Amino acid sequence: MHHPHLAAHWQALYGLRDRLHQPAWHIVVLGQVGRGKSALLNALYGEAIFPVGAIHGTTQWPRTVRWHCQDQIVDLTDTPGLDEVAGSDRESMTWSAVETADLVLFVTQDSFTPVECQARDRLRTLRIPHKLILAKADLYPPMAEGIAVSSTTGQGIPELRQLLQQWLQQEAPQARALRILHQASQVEQSLGAALGPQDTSAWSWLTAQMVASLLLPGGFFDVVLAMISTLAYIRKACQAYGVPFPLPAFGSLSQFVLLWYAAIYLTSWPGLTFGTDLWGVNTNVVLQGGVIFWGYQQIRRRLDPYLQQGYQWGHHGPQRLLQQLTQTRANVTASG
């Protein structure tokens with residue numbers, strides 16, 4: 001594995017790969033304390049399998065049970081409330097479960113609290129599909145949006161089961177794929193940020209080649225030096241980003257490098273000298289120095305896309321696929 005210190009990033013990709021092939025769909029219930037999350041799952045399951053109590057905060061950590069929704073296998077996860085007395089530890093466990101969900105049932109009552117507004121914004125930022133569930137419909141008036149249910153009277157439970165069945169059959173595969181692509185894109189960005197500080201500056205190689213070109217006689221030695229120096233620089237840059245080195249993979253860069261070697265050879269021919277014997281400046285020295293400097297700048301500019309695509313997967317990366325899917329969906333919507 002390239003860059004052992006980036007193992008955590010690669011491990012996240014392995015987790016996404018495993019989730020893509022999971023046979024069970026993951027549905028997580030989310031909401032504040034006392035909203036009736038556990039009771040809702042019991043009503044869906046058809047059995048009192050999740051503990052409920054008269055006091056708030058009965059669910060102290062995420063708990064998952066296997067549920068068969070017709071021909072679909074579902075893992076139902078109950079979570080602690082968003083505003084638990086225990087504080088951030090339980091909320092952290094809640095969001096860890098939510099981030100692996102295919103669908104979130106966001107449970108509220110008759111109006112949104114500031115905590116619920118923040119949670120819903122976070123779901124949208126994470127691009128996690130969610131359904132708004134208005135629990136305790138027998139006690140509170142329904143809101144303009146959402147699915148009104150009552151775990152006590154059974155109101156809305158059959159409709160919710162049917163809605164979930166339709167979602168699992170028609171939308172779940174695409175939703176999971178889009179969610180995993182979005183998470184892979186985040187891994188791509190974090191890899192880029194981690195690799196960004198890598199030192200791939202060409203100044204040290206440029207300085208060494210300029211000095212050596214002044215000391216070595218003849219154009220042949222200048223070209224040999226340029227070949228050794230540039231290949232070593234390109235190899236070091238590739239190692240810094242953990243991408244393959246072979247020169248043919250660089251395409252147009254290899255063609256440019258060959259032309260650059262020819263220019264270095266031509267500029268090594270004897271030129272005119274201006275000034276006194278002590279302070280004289282030879283035109284070929286100035287010209288060759290300029291060609292070498294310009295060449296390194298061009299190599300760095302042409303090398304950048306290859307280095308970046310090494311961790312961004314190029315045109316097959318998740319961000320590119322997300323853009324294509326978004327454009328395709330927009331075209332389908334526009335065509336009616």
Side-chain angles (χ1 to χ4, degrees), residues 6-33 35 37-38 40-41 44 50 57 59-67 69 72-84 86-108 112-133 164 167-168 171-194 311 313 317-319 321-322 325-326:
L6 299 178
H9 299 281
W10 297 114
Q11 195 62 41
L13 288 177
Y14 298 145
L16 294 178
R17 179 198 60 188
D18 294 340
R19 276 180 53 203
L20 190 62
H21 299 289
Q22 272 185 342
W25 304 104
H26 191 198
I27 297 179
V28 176
V29 66
L30 176 69
Q32 288 187 259
V33 171
R35 290 296 190 263
K37 301 185 297 296
S38 301
L40 171 67
L41 291 182
L44 276 177
F50 292 97
T59 304
Q60 299 182 9
W61 54 82
R63 183 184 178 188
T64 302
V65 298
R66 181 62 55 88
W67 177 46
C69 184
Q72 301 291 329
I73 302 174
V74 179
D75 286 334
L76 292 175
T77 298
D78 193 10
T79 61
L82 292 171
D83 51 349
E84 289 277 5
S88 60
D89 288 342
R90 292 189 185 179
E91 185 168 344
S92 177
M93 288 189 294
T94 294
W95 283 105
S96 294
V98 166
E99 289 179 357
T100 64
D102 294 304
L103 178 68
V104 168
L105 301 180
F106 189 70
V107 181
T108 185
F112 285 117
T113 66
V115 172
E116 290 173 328
C117 290
Q118 293 176 3
R120 202 175 188 194
D121 289 341
R122 185 170 178 178
L123 287 175
R124 288 168 175 165
T125 300
L126 293 173
R127 300 186 184 182
I128 300 176
H130 58 279
K131 303 289 185 183
L132 183 62
I133 309 298
L164 292 179
W167 187 87
L168 290 169
E171 301 180 42
Q174 182 186 39
R176 173 180 284 183
L178 289 174
R179 171 70 181 138
I180 289 177
L181 274 175
H182 177 66
Q183 290 178 298
S185 177
Q186 292 178 318
V187 174
E188 176 187 85
Q189 293 172 17
S190 64
L191 278 170
Y311 66 81
W313 299 291
Q319 193 61 41
L321 289 177
L322 281 171
L325 286 172
T326 301

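Remember, it's a predicted structure, so these values are computed and weren't measured experimentally. In what follows, residues are counted from 1 in the order of the sequence shown.
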Student: Look up atom CD1 in Ile128 and atom NE2 in His182, then write down how far apart they are to the nearest 0.5 Å.
Tutor: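 Separation between the atoms: 8.5 Å.
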Student: Answer yes or no: is there a side-chain heavy-atom contact under 4.5 Å between Leu164 and Gln72?
Tutor: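 When only atoms from C-beta onward are counted, Gln72 and Leu164 do not touch, as no gap falls below 4.5 Å.
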Student: Indicate yes or no: at least one non-hydrogen side-chain atom of Lys37 is less than 4.5 angstrom from one of Leu40.
Tutor: no
Student: Within a strict 4.5 Å, meaning less than it, do heavy atoms of the Trp95 and Val28 side chains meet?
Tutor: no
Student: Could you grab the distance from atom CG of Asp121 to atom OG1 of Thr125, nearest 0.5 Å is fine?
Tutor: 6.5 Å
Student: Looking at residues at least two apart in the chain, or sitting in another chain, which of them share a salt bridge (charged side-chain N to carboxylate O under 4.0 Å, His left out) with Arg176?
Tutor: Asp102
Student: Is the closest side-chain heavy-atom distance between Phe112 and Leu132 below 4.5 Å?
Tutor: yes
Student: May I ask you to test the Val29-Leu76 pair for a side-chain heavy-atom distance under 4.5 Å?
Tutor: no
Student: Where do Ile180 and Leu16 come nearest, in terms of heavy atoms and distance?
Tutor: CD1-O, 3.8 Å
Student: Determine whether Trp167 and Pro129 make a side-chain contact, defined as any pair of heavy atoms from C-beta on separated by less than 4.5 Å.
Tutor: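 A side-chain contact under 4.5 Å exists here.
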Student: How long is the straight-line distance from CD1 of Ile27 back to CG of Leu41, given to the nearest 0.5 Å?
Tutor: 9.0 Å
Student: If I take atom CD from residue Gln32 and atom OG1 from residue Thr108, how far apart are they, to the nearest 0.5 angstrom?
Tutor: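 Output value for this atom pair is 7.0 Å.
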Student: A side-chain contact here means heavy atoms from C-beta on lying under 4.5 Å apart; do Val104 and Lys131 qualify?
Tutor: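 A side-chain contact is absent here, since even the closest heavy-atom pair is not under 4.5 Å.
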Student: For the side chain of His130 and the backbone of Arg120, is there at least one donor-acceptor N/O pair under 3.5 Å apart?
Tutor: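 Absent.
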Student: Do Val65 and Phe50 have side chains that approach each other closer than 4.5 Å (heavy atoms only, starting at C-beta)?
Tutor: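 Contact flag for Val65/Phe50 side chains = yes.
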Student: So, does Thr64 use its side chain to make a donor-acceptor pair with the main chain of Thr77 at under 3.5 Å?
Tutor: no
Student: So, for Val107 and Glu116, which heavy atoms are closest and what is the spacing to 0.1 Å?
Tutor: O-OE2, 3.9 Å
Student: Any chance you could measure Asp75, atom CG, to His26, atom NE2, to the nearest 0.5 Å?
Tutor: 6.0 Å
Student: Quick one: side chain to side chain donor-acceptor pair (under 3.5 Å) partners of Glu99, sequence neighbours excluded?
Tutor: none
Student: Yes or no on side chain to side chain contact (heavy atoms under 4.5 Å, CB included) for Val98 and Leu123, after CA distance, side-chain angles and deciding distance?
Tutor: CA-CA 9 Å; Val98 166; Leu123 287 175; 3.7 Å; yes
Student: Sub-3.5 Å donor-acceptor pair from the side chain of Arg179 to the main-chain atoms of Leu126, do we have one?
Tutor: yes
Student: Gln183: what forms a side chain to side chain donor-acceptor pair (under 3.5 Å) with it, not counting sequence neighbours?
Tutor: Arg19
